[in-house]
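First up is the structure itself, then whatever we jot down about it.
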Amino acid sequence: MGLNTKELIKKYGIKLTKSLGQNFLTDSNVVSRIVDTAEITEDDLVIEIGPGIGSMTGELASRAGRVIAVEIDKHLIPALEDNLKDFSNLEIINEDIMKVSVKAVTENRQNMRLKVVANLPYYITTPIIMKLLEEDNDIELMVFMVQKEVAQRMVAKPGGKDYGALSVAVQYYAQPEKVFDVPPHCFIPQPEVDSTIVKLKKNKKPPVILKDKDMFFKVVKAAFGQRRKTLLNALANSEALSRSKEEVREILSAVNIDENTRGETLSMEQFAALANEFS
């Protein structure tokens, strides 16, 4: 696929932008494993977020029907376009993914399955993932490189220290799976943390029935907002819920949840029952 990452950085005199959290993947074996994880075929339209200088983009374009690469840094666009000029099925968009409507950029996809693959900047990982999960789009599968701790929180089950609002939110929308870890030496520059590849398969329908989705997430946020407090105190102290301690006590009693327990012990189903009682 032409020049490798190090050679491209040198050729184009690219200076990595610390504020954008840029860490370019240099290990071709890791690139292949990521693309394998996404199970890319000619029937897929893939959105790649943060292609950098295209170390993974070429591999995606060689397997997918179409690739839309969304890169925020305008300084990288010439290198991207030059490096990938042989791929006619590739579109490069110089834009912030947080401002891009997935539905709008993929409206002419002609029954292709929609997938997302991304080596995300770690400072904005969670907002990007939640945007893609929450918005109205037809994404079936997402494969992300994230900080190892974030991956652990995404897949965490009730009762553990990693289980929190992110765990519940991600698992409401998708089935997350940790696939493999990527050590720092696979990047330029080397990040100070370990990375993990996670695969999110979007749920075709929500795992729980809710009267009010907004209320569900308010309850979840309140329950984890003050982890050391009992569930009774955490919920009663929440401005978003605005209920008295006595009202919260009655709600917890109605759904058979011990008022002295903590939010981190509650399952998705218990959160749903609680939220439906609040609604």
Side-chain angles (χ1 to χ4, degrees), residues 3-38 47-60 69-77 79-80 83 96-98 116-133 142-157 160-167 169-171 174 176-200 224-225 227 264:
L3 299 174
N4 68 31
T5 303
K6 290 177 183 175
E7 289 166 341
L8 281 163
I9 288 173
K10 189 175 179 184
K11 177 181 176 183
Y12 291 98
I14 289 166
K15 292 181 173 57
L16 301 183
T17 309
K18 202 166 187 181
S19 65
L20 295 176
Q22 290 171 335
N23 299 95
F24 294 155
L25 195 51
T26 58
D27 190 315
S28 58
N29 291 326
V30 173
V31 168
S32 294
R33 286 184 70 189
I34 294 170
V35 180
D36 288 345
T37 298
I47 295 177
E48 185 188 9
I49 302 166
I53 48 178
S55 53
M56 188 156 56
T57 318
E59 186 73 24
L60 289 168
V70 182
E71 175 55 60
I72 192 173
D73 187 352
K74 68 178 186 291
H75 301 104
L76 299 179
I77 301 300
L80 256 181
N83 187 28
D96 178 353
I97 190 63
M98 294 299 287
V116 174
V117 178
N119 172 14
L120 295 176
Y122 293 160
Y123 76 97
I124 197 171
T125 296
T126 304
I128 290 175
I129 291 174
M130 291 314 301
K131 167 192 156 53
L132 296 173
L133 288 173
M142 301 193 278
V143 175
F144 295 120
M145 170 106 66
V146 300
Q147 195 171 325
K148 190 173 184 177
E149 287 74 14
V150 174
Q152 287 167 336
R153 283 162 51 205
M154 282 188 194
V155 303
K157 299 301 180 200
K161 66 177 173 59
D162 293 322
Y163 184 67
L166 181 66
S167 320
V170 168
Q171 290 168 36
E177 175 193 343
K178 271 179 68 177
V179 188
F180 63 95
D181 294 333
V182 182
H185 66 74
C186 295
F187 301 88
I188 297 177
Q190 292 192 19
E192 293 172 4
V193 295
D194 285 333
S195 306
T196 297
I197 301 301
V198 289
K199 181 178 184 176
L200 303 182
F224 289 108
R227 288 184 80 105
E264 64 213 48

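If you're wondering where the values come from, they're calculated on a predicted model, not measured in any experiment.
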Side chain proximity check, [X] to [Y], heavy atoms < 4.5 angstrom:
X: Met56; Y: Val30; answer: no
X: Glu149; Y: Met154; answer: no
X: Ile128; Y: Ile49; answer: yes
X: Glu71; Y: Leu80; answer: yes
X: Phe180; Y: Ile34; answer: yes
X: Val182; Y: Met145; answer: yes
X: Leu76; Y: Asp73; answer: yes
X: Met142; Y: Lys199; answer: no

Q: State which residues pass side chain to side chain donor-acceptor pair (under 3.5 Å) with Ser167; sequence neighbours excluded, sorted by chain then number.
A: none
**Q.** Lys178: side chain to side chain donor-acceptor pair (under 3.5 Å) partners, not counting sequence neighbours
**A.** none
**Q.** Chi angles and distances behind the side-chain contact (heavy atoms from CB on, under 4.5 Å) call for Leu25, Val31
**A.** CA-CA 8 Å; Leu25 195 51; Val31 168; 3.8 Å; yes
Q: Can you sort out the partners of Phe187 under ring pair (Phe, Tyr, Trp, His ring centres under 6.0 Å), two or more places apart, ordered by chain and number?
A: none
If you take all heavy atoms of [X] and [Y], which pair is closest and at what distance?
X: Asp194; Y: Pro183; value: OD1-CA, 4.3 Å
X: Asn83; Y: Ile53; value: ND2-O, 3.0 Å
X: Ile97; Y: Lys131; value: O-CE, 2.8 Å

Between atom [atom1] of [X] and atom [atom2] of [Y], what is the distance when rounded to the nearest 0.5 Å?
X: Met98; Y: Leu132; atom1: CE; atom2: CG; value: 8.5 Å
X: Tyr163; Y: Glu264; atom1: OH; atom2: CD; value: 10.0 Å
X: His185; Y: Asp27; atom1: NE2; atom2: CG; value: 7.5 Å
X: Glu48; Y: Asn119; atom1: CD; atom2: CG; value: 8.5 Å

Q | Residue pairs passing the salt bridge (Lys or Arg N to Asp or Glu O under 4.0 Å) test where at least one lies in residues 183-193, sequence neighbours excluded | A | none
**Q.** salt bridge (charged side-chain N to carboxylate O under 4.0 Å, His left out) against Asp181, all qualifying residues, sequence neighbours excluded
**A.** Lys148
(Q) Show, in sequence, the C-alpha distance, side-chain angles and deciding distance for Val143 and Val116, and conclude whether the side-chain contact (heavy atoms from CB on, under 4.5 Å) test is met. (A) CA-CA 6 Å; Val143 175; Val116 174; over 6 Å; no
Q: Could you check Thr125 against Gln147 for side-chain contact (heavy atoms from CB on, under 4.5 Å), going step by step and ending with a plain yes or no?
A: CA-CA 8 Å; Thr125 296; Gln147 195 171 325; 6.0 Å; no
**Q.** Contact list for residues 28-37, test side-chain hydrogen bond (donor to acceptor under 3.5 Å, both in side chains), sequence neighbours left out
**A.** Asp36-Arg63
Q: State whether the side chain of Thr26 and the backbone N or O of Cys186 hold a donor-acceptor pair below 3.5 Å, judged by distance alone.
A: yes
Q: For Phe144 and Ile129, run side-chain contact (heavy atoms from CB on, under 4.5 Å): C-alpha distance rounded to whole Å, both residues' side-chain angles, the deciding distance at 0.1 Å, then the answer.
A: CA-CA 9 Å; Phe144 295 120; Ile129 291 174; 3.6 Å; yes
